[in-house]
Structures are given as C-alpha cells and as structure tokens.
Amino acid sequence: MAEADIPTTTEQSVHEAIEQWVGELTRHLEIEDTDVRINDLLKIAGEAAHTVVRPAAPVTTFLIGYVTGLAEASGQADYQKAQKAATQVTRNLLEQRSQAPG
C-alpha cells in the first residue's frame with residue numbers, strides 16, 4: 001500500500017466513528033441487515049457538496065436512499081440494483097451540472 005493510500009489516524013478514527021454510528025443506527029431502525037456502503041455514500045455526498053452547495057450532500061443521500069427504498073418495496077428492483085441505479089442517475093446529473101457554463 002502506498003504511503004498516500006494509508007489513512008491518517010484522524011481519518012481512521014472518523015471512519016471508525018461513522019461505522020460505529022451506522023451499526024448503532026441500523027440496529028435501532030431495525031434494518032441491521034442493510035448493506036450500508038459508507039464510502040460510496042460519502043463520495044456521492046462530497047460530489048453533491050462540491051457541485052451544488054454543501055447542504056446538498058445530506059439531501060442527495062436522503063433522496064438516493066428514498067428512491068432505493070421505493071424501488072425495492074414496489075418490486076421494481078432489489079436493493080443493490082436500485083441503489084446503484086439511483087447513484088448513477090445522481091452522478092450523471094452532477095456531471096452535467098459541473099460541465100454547464102457558469
């Protein structure tokens with residue numbers, strides 16, 4: 001592993017805190033079997049924050065989760081497929097926004 005790829009102690013502790021929080025929250029929400037892809041969520045949130053405005057990050061991740069849940073509950077797609085599709089739609093839109101003239 002390259003030195004640049006090794007997370008700093010601060011990054012490790014932040015990631016550990018997030019993992020602990022996600023574990024605790026999913027237990028309390030009674031969805032502990034849900035595959036929460038923390039790094040993917042943080043990445044798309046970061047893209048939204050930098051492309052739109054910072055407060056767009058939590059709203060973006062909420063909407064991806066919401067549409068994922070709707071698709072799964074209605075039988076349109078399983079969780080993984082629905083989450084991947086919603087994230088891709090979001091990425092495409094963010095890319096379009098970032099390339100639009102100012």
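This chain uses plain numbering: 1 for the first residue, then up along the sequence.
Annotation: salt bridge (charged side-chain N to carboxylate O under 4.0 Å, His left out) contacts involving residues 74-94, sequence neighbours excluded, comprise Glu47-Arg91. Residue pairs meeting the side chain to side chain donor-acceptor pair (under 3.5 Å) criterion with at least one member in residues 35-45, sequence neighbours excluded: Asp35-Arg37, Asp35-Gln80, Arg37-Gln80. Among residue pairs with one or both ends in residues 56-70, none qualify as salt bridge (charged side-chain N to carboxylate O under 4.0 Å, His left out); sequence neighbours excluded.
With sequence neighbours left out, the side chain to side chain contact (heavy atoms under 4.5 Å, CB included) criterion links Leu93 to Gln96. Remark: Val22 engages Ile18, Thr26, Val36, Ile38 in a side chain to side chain contact (heavy atoms under 4.5 Å, CB included) (not counting sequence neighbours).
Within 6.0 Å of OH on Tyr66 lie no more than 12 heavy atoms contributed by other residues, nucleotides or ligands. More than 12 heavy atoms of other residues, nucleotides or ligands shown are found within 6.0 angstrom of CD on Gln99.
Cluster membership for Ile31 and Trp21, using ILVMFWY side-chain heavy atoms within less than 4.5 angstrom, is shared. Using a 4.5 Å cut-off between side-chain heavy atoms of Ile, Leu, Val, Met, Phe, Trp and Tyr, with links allowed through other members, Val14 and Leu41 fall into the same hydrophobic cluster.
Remark: the backbone N or O of Ala71 is paired with a side-chain donor or acceptor of Ser74 at under 3.5 angstrom.
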Please report, to 0.1 Å, the donor-acceptor pairs under 3.5 Å made by any side chain of residues 52-62, with sequence neighbours excluded.
unit_1, atom_1, unit_2, atom_2, d
Thr60, OG1, Ala56, O, 2.6
Thr61, OG1, Ala57, O, 3.4
Thr61, OG1, Pro58, O, 3.0

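Side-chain atoms of Glu11 and His15 include no donor-acceptor pair closer than 3.5 Å. Between the side chains of Gln83 and Thr87, at least one donor-acceptor pair of N or O atoms lies under 3.5 Å.
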For Ile44 and Leu94, run side chain to side chain contact (heavy atoms under 4.5 Å, CB included): C-alpha distance rounded to whole Å, both residues' side-chain angles, the deciding distance at 0.1 Å, then the answer.
CA-CA 9 Å; Ile44 195 73; Leu94 288 169; 4.1 Å; yes
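The two residues Ile64 and Ala86 have their closest heavy-atom pair at CG2-CB, 4.0 Å.
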